[in-house]
Amino acid sequence: MFKKILIANRGEIALRVIQACRELGIRTVAVFSTADRDSLHVTYADEDVCIGPGPSAQSYLNISAIISAAEITGAEAVHPGYGFLAENASFADALKECKIQWIGPGTDSMRLMGNKSQARQTAIRAGVPVLPGSEEALGSAAEARALAGQVGYPVILKASAGGGGRGMRIVQGPDELEQQLQTASEEASAAFGDGAIYLEKYLVEPRHIEFQILGDCYGNVIELGERECSIQRRHQKLLEEAPSPALTAELRHQMGEAAVRLARHVSYENAGTIEFLLDRTGRFYFMEMNTRIQVEHPVTEMVTGVDLVKQQLRIAAGEKLSVAPGLHSRGHAIECRINAEHPVTFRPSPGKILTFHPPGGPGVRVDTHAYEDYVIPPYYDSLVAKLIVHGADRQEAIRRMERALDFFVIEGIDTSIPLHREIVRDDRFRIGDVSTRFMERFRPQKTKSAPVGA
Ligand code: ADP
């Protein structure tokens, strides 16, 4: 096992990795921007290195500063967390050249699955169902028009290099197509440095269901069940749960098997997630793969009892998978993402936290880097805490989440706590009748022709 690793991230996920390292006896190096000097990941790491000013392009995305920090401190490996450089294969390659281990998958599978349109083709080759759409990135507006006509409107245009709910546009009819394609391509070039766009059928009220995968370097690949992430705003997840109330044992088996088949097809190592859309008739379609730990990994940890971050460290250190396939999950877990944002307008609300009382008690877990008097910097994403509960069944988990939300006091900034209270009290949510358009009932959003994403 490693003696010392560097964590190329901040916030709650940096702390989460530190917790796993402590339990495994691994020393930790935190990197931080000048805006994060007072962050808990800096306090709890064994060593820390300042890598630049607040804006992430100059700090958390600064590859040479991070590699220098690893070399100076003698870190043997780097954990990237999620976001920032977590899916950047060039960063992983650069580390390899410096003889520093990447705590993540091989760069071939990162490149293959990191490009959404290539990932789609790979899924087809692995015999995993995808939505009708383009085989490759679109060559011209005429090609897009012909294809959209074939698959039928509405269709969704997606940036091949996109992610994080950004770079997607829904097209309702042929008269909008050309304009939307041009705008989508321009936006994708600006945001991701790659204007390639592909097209697929837009499902009107699907559920988002994803499978957690673990693979080791001996070719063992397992799945640890699903997470339902249908409660989203602007195509970004807000609340996740495991297991999904929509899956029968048979469907769970089929989807899990498809996820493992795809991961095996790309010789996947380490933790990853295969995302599917499920339609009302029970048909499922591969959407994309995330080649890293996910924000919502704790719900899987709660129902399986497997520490996914420790597994990532063990796999990267060359250990054989110690989790047996066919693991049974226990009870029900729900996660609410508590964001520093206005609960109605979703406007970010950085600033000083004046009061911070997280809930506790049976079955409650809070993953956070926040504390009283902590100042949330304006530069990064708005996640302040993840509130996770575990109950014997879904009903108990919902009641427990209601109670935990009521006992969570954050003052000084706006948060999404009031919104989560509304969601968990909703009748449709309580019977598990949800889709990715669930939030439109609370917060009407423009879907027609409007850009989707942040
Ligand atoms: P990102 O990588 O940017 O998060 P995804 O491809 O994972 O993008 O899609 C994010 C969300 O967008 C999904 O959870 C779903 O709500 C919506 N979405 C994506 N593709 C489709 C589709 N073909 N039909 C309906 N909704 C879709």
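Counting starts at 1 for both ligands and their atoms, following the listed order.
- Among all non-hydrogen protein atoms, the one lying nearest atom 24 (N) of ligand 1 is L203 N, 2.9 Å.
- Distance alone, capped at 3.5 Å, places no donor-acceptor pair between the K116 side chain and the E288 backbone.
- When atom types are taken as modelled, the side chain of R283 and the backbone of L278 share no donor-acceptor pair closer than 3.5 angstrom.
- The proximity of V204 to ligand 1, defined as any non-hydrogen pair under 4.0 Å, does not occur for either the backbone or the side chain.
- Of all protein heavy atoms, the one lying nearest to atom 26 (N) of ligand 1 is Y202 CE1, 3.4 Å.
- Remark: among candidates L199, L277, I209, the nearest residue to atom 22 (C) of ligand 1 is L277, based on non-hydrogen atoms.
- Here atom 7 (O) of ligand 1 lies nearest to E288 when heavy atoms of E288, R234, E200 are compared.
- From the protein, the heavy atom lying nearest to atom 15 (C) of ligand 1 is Q232 OE1, 3.9 Å.
- The aromatic ring centres of F276 and H208 sit 6.0 Å or more apart.
- A heavy-atom separation below 4.0 Å is not found between K237 and ligand 1.
- For the residue pair T273/R227, the side-chain donor-acceptor check at 3.5 Å is satisfied.
- Closest to atom 1 (P) of ligand 1 among all protein heavy atoms lies G165 N, 3.3 Å.
- Close contacts of ligand 1 with H208, meaning ligand atoms under 4.0 Å from a residue heavy atom, involve 13 (C), 14 (O).
- No donor-acceptor pair under 3.5 Å is formed between the side chain of S185 and the backbone N or O of Q182.
- A donor-acceptor pair under 3.5 Å is formed between the side chain of Q121 and the backbone N or O of E135.
- Using modelled atom types, one side-chain atom of H41 and one backbone atom of V31 make a donor-acceptor pair closer than 3.5 Å.
- Around atom 8 (O) of ligand 1, the closest heavy atom drawn from K158, M287, K116, H235 belongs to K116.
- For R394 and F429, the positive end sits near the middle of the six-membered ring, less than 6.0 Å away and at most 45° from its axis.
- You'll find the ring centres of Y202 and Y153 outside the 6.0 Å limit.
- For ligand 1, the polar-atom distance check finds an N/O of E275 within less than 3.5 Å of one of the ligand's N/O atoms.
- Looking at L131 against ligand 1, only its side chain comes within 4.0 Å, counting heavy atoms.
- At least one heavy atom of M168 sits under 4.0 Å from some atom of ligand 1.
- Close approach of ligand 1 to G163 (heavy-atom distance below 4.0 Å) involves ligand atoms 1 (P), 2 (O), 3 (O).
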